[in-house]
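Below is one structure, written out as structure tokens; comments come after it.
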Amino acid sequence: MKKSEETNENIVERAVVFCPIEKNEDKDCQFAEIERLCFSAGLEVVKIFSQGIDAFNRRTIMGKGKVEEIKLFLSENPCDTLVMDYQLTGSQLRNLSEELGVKVIDRILLIIDIFALNAKSSEGKIEVKLAQNRYLLTRLSSLQGSFGRFGGKGAGMRGPGETKIELDRRKLEKEIVSLQAEIEKIKASRKQNRILRQKNGIKSVVLGGYTNAGKSSLFNLLTKENIYADDKLFATLDTTSRRLFLGDGKFCLLTDTVGFISKLPHELVESFSATLEEVSSADLILHIVDVSDKFFNKNIEITNKILDDLGATKNRIVVLNKCDLLQKPIEIKENQILFSVKNKTNLDKLKELIGQCLED
Ligand SMILES: Nc1nc2c(ncn2[C@@H]2O[C@H](COP(=O)(O)OP(=O)(O)OP(=O)(O)O)[C@@H](O)[C@H]2O)c(=O)[nH]1
Ligand SMILES: [Mg+2]
């Protein structure tokens with residue numbers, strides 16, 4: 001679906017966005033990404049402001065002139081929230097919120113908030129809650145003032161599932177300890193499963209890649225399972241595994257998992273360690289790419305970097321998905337395969353390739 005045709009019945013707030021542009025950073029790519037993130041968090045983007053990163057002011061990140069420009073805009077176009085496409089300290093969040101008179105959410109909180117909206121399994125909820133608590137703990141005193149003034153509700157303040165988000169230091173610290181213990185239990189049981197799988201000679205294949213590339217759709221096609229797939233960022237947070245039959249009675253274990261994005265908040269990487277361990281321990285990674293995305297090469301780079309950081313050293317096949325949307329042919333490199341879940345293009349070829357890679 002094209003952006004203009006998308007609807008999100010969960011739109012809750014109007015937002016202006018500020019993007020600090022780093023050197024060599026593609027402005028259009030950054031704008032497109034932050035707009036999609038806002039959409040997925042239920043925010044309607046009214047306008048995007050930007051400024052080169054050189055003009056930085058440490059109090060508010062943006063320069064004084066920019067603060068005035070946004071203030072004027074907000075006086076004529078009332079909005080609930082300013083989204084800053086950058087990681088802010090607690091005092092920067094507070095300073096901006098005081099100067100502009102709206103709630104301020106940074107990139108990290110925005111992504112954590114989308115995760116909070118999408119967490120369905122108990123494991124996903126534990127991981128999101130831990131990321132949320134870690135974020136809040138480091139910015140608590142500033143956030144109490146800022147969010148308190150705006151009712152402590154809406155975007156940036158949503159807990160996973162029905163849980164309410166906590167702004168009490170002692171409760172946060174206590175909860176972090178108990179969430180970490182629960183995650184250690186999950187990790188131990190996952191490790192046990194992996195040992196058992198390896199003992200039985202069953203290989204594991206993980207679907208990885210930029211969010212919204214079509215991982216869950218491919219998982220569904222390959223395993224005929226109905227996993228939630230949606231044209232929103234981070235639709236999947238839970239790890240799901242099923243058998244994938246490769247012919248001649250052979251099978252492997254296929255796992256669908258959480259999507260990646262540039263500057264994935266470290267709070268999330270740490271909290272999702274149990275889930276991400278499945279990626280790093282896989283025998284083969286199917287790196288799914290939305291090839292119809294104007295910036296797909298950049299998305300490949302981002303995913304490669306995250307996979308490298310996770311220590312995922314094994315084989316990778318790059319699946320250039322959504323080729324049904326391509327207007328003109330593109331160059332296919334080694335280890336890449338053109339694919340379409342929608343039209344089942346190259347389905348048999350992909351299965352064959354998976355089989356070959358697992359035998360190597
Ligand atoms: N045109 C077209 N659309 C596709 C194709 N594959 C997936 N989609 C659509 O792309 C959107 C995202 O698909 P998902 O399978 O949810 O993507 P994902 O990578 O699992 O996304 P997250 O879980 O959010 O990271 C959905 O609207 C799918 O219907 C394809 O081959 N062609
Ligand atoms: Mg998914």
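Note that the numbering runs from 1 along the sequence shown for the chain. When a ligand or atom number is given, it counts from 1 through the structure's own listing order.
Relative orientation of the F245 and F251 rings is tilted, given thresholds of 30° and 60° on the angle between their planes. Using a 30° and 60° split on the angle between ring planes, F234 and F115 fall in the tilted class, from 30° to 60°.
The closest side-chain donor-acceptor pair between N343 and T345, if any, does not fall under 3.5 angstrom. Between the side chains of R316 and N304, at least one donor N or O sits under 3.5 Å from an acceptor N or O. No donor-acceptor contact under 3.5 angstrom links the side chains of N212 and D290, judged on distance only.
Within the listing of ligand 1, atoms 24 (O) sit less than 4.0 angstrom from a heavy atom of K232. Per-residue contacts place A213 under 4.0 angstrom from the following atoms of ligand 1 (heavy atoms of the residue considered): 17 (O), 19 (O). Ligand-side atoms of ligand 1 in range of F234: 24 (O), range being under 4.0 angstrom from any heavy atom. Of all the atoms in ligand 1, the ones that sit under 4.0 Å from a non-hydrogen atom of G259 are 25 (O). For ligand 1, the atoms lying closer than 4.0 Å to a non-hydrogen atom of L233 are 24 (O). If you number the atoms of ligand 1 from 1 as listed, the ones under 4.0 Å from a heavy atom of D324 come out as 1 (N), 2 (C), 30 (C), 31 (O), 32 (N). Short contacts between ligand 1 and K342, defined as distances under 4.0 Å to a heavy atom of the residue, involve ligand atoms 1 (N), 30 (C), 31 (O), 32 (N). Close approach of ligand 1 to T211 is summarised as follows: ligand atoms under 4.0 Å from at least one heavy atom of the residue are 22 (P), 24 (O), 25 (O).
Considering only non-hydrogen protein atoms, atom 21 (O) of ligand 1 sits nearest to N212 N, 3.0 Å. Protein heavy atom nearest atom 17 (O) of ligand 1, with residue, atom name and distance: G214 N, 3.1 Å.
Between Y210 and F296, a ring centre-to-centre spacing not shorter than 6.0 Å is recorded. You'll find the ring centres of Y86 and F18 outside the 6.0 Å limit.
Taking 4.0 Å as the cut-off between side-chain N and carboxylate O, E123 and R190 count as a salt-bridged pair. At a threshold of 4.0 Å, the pair E99-K64 does not count as salt-bridged, since none of the basic side-chain nitrogens sits closer than that to a carboxylate oxygen. At a threshold of 4.0 Å, the pair R107-E33 counts as salt-bridged, since one of the basic side-chain nitrogens sits closer than that to a carboxylate oxygen. Using a 4.0 Å cut-off between a side-chain N of Lys or Arg and a carboxylate O of Asp or Glu, R36 and D231 qualify as a salt bridge.
Residue contacts with ligand 1 for D290 are absent, since no atom lies close enough (heavy atoms, distance under 4.0 Å). With a 4.0 Å cut-off on non-hydrogen atoms, L325 touches ligand 1 through its side chain and not its backbone.
The option with the heavy atom closest to atom 15 (O) of ligand 1, from among A235, S217, S292, is S217.
Annotation: K215 places an N or O atom under 3.5 Å from an N or O atom of ligand 1; distance criterion only. For ligand 1, the polar-atom distance check finds no N/O of D256 at less than 3.5 Å from any of the ligand's N/O atoms. Considering backbone and side-chain N/O atoms, V341 comes within less than 3.5 Å of an N/O atom of ligand 1. Considering backbone and side-chain N/O atoms, V258 never comes within less than 3.5 Å of an N/O atom of ligand 1.
Within the coordination shell of the Mg ion (ligand 2), defined by N, O or S atoms under 2.8 Å, S216 is present.
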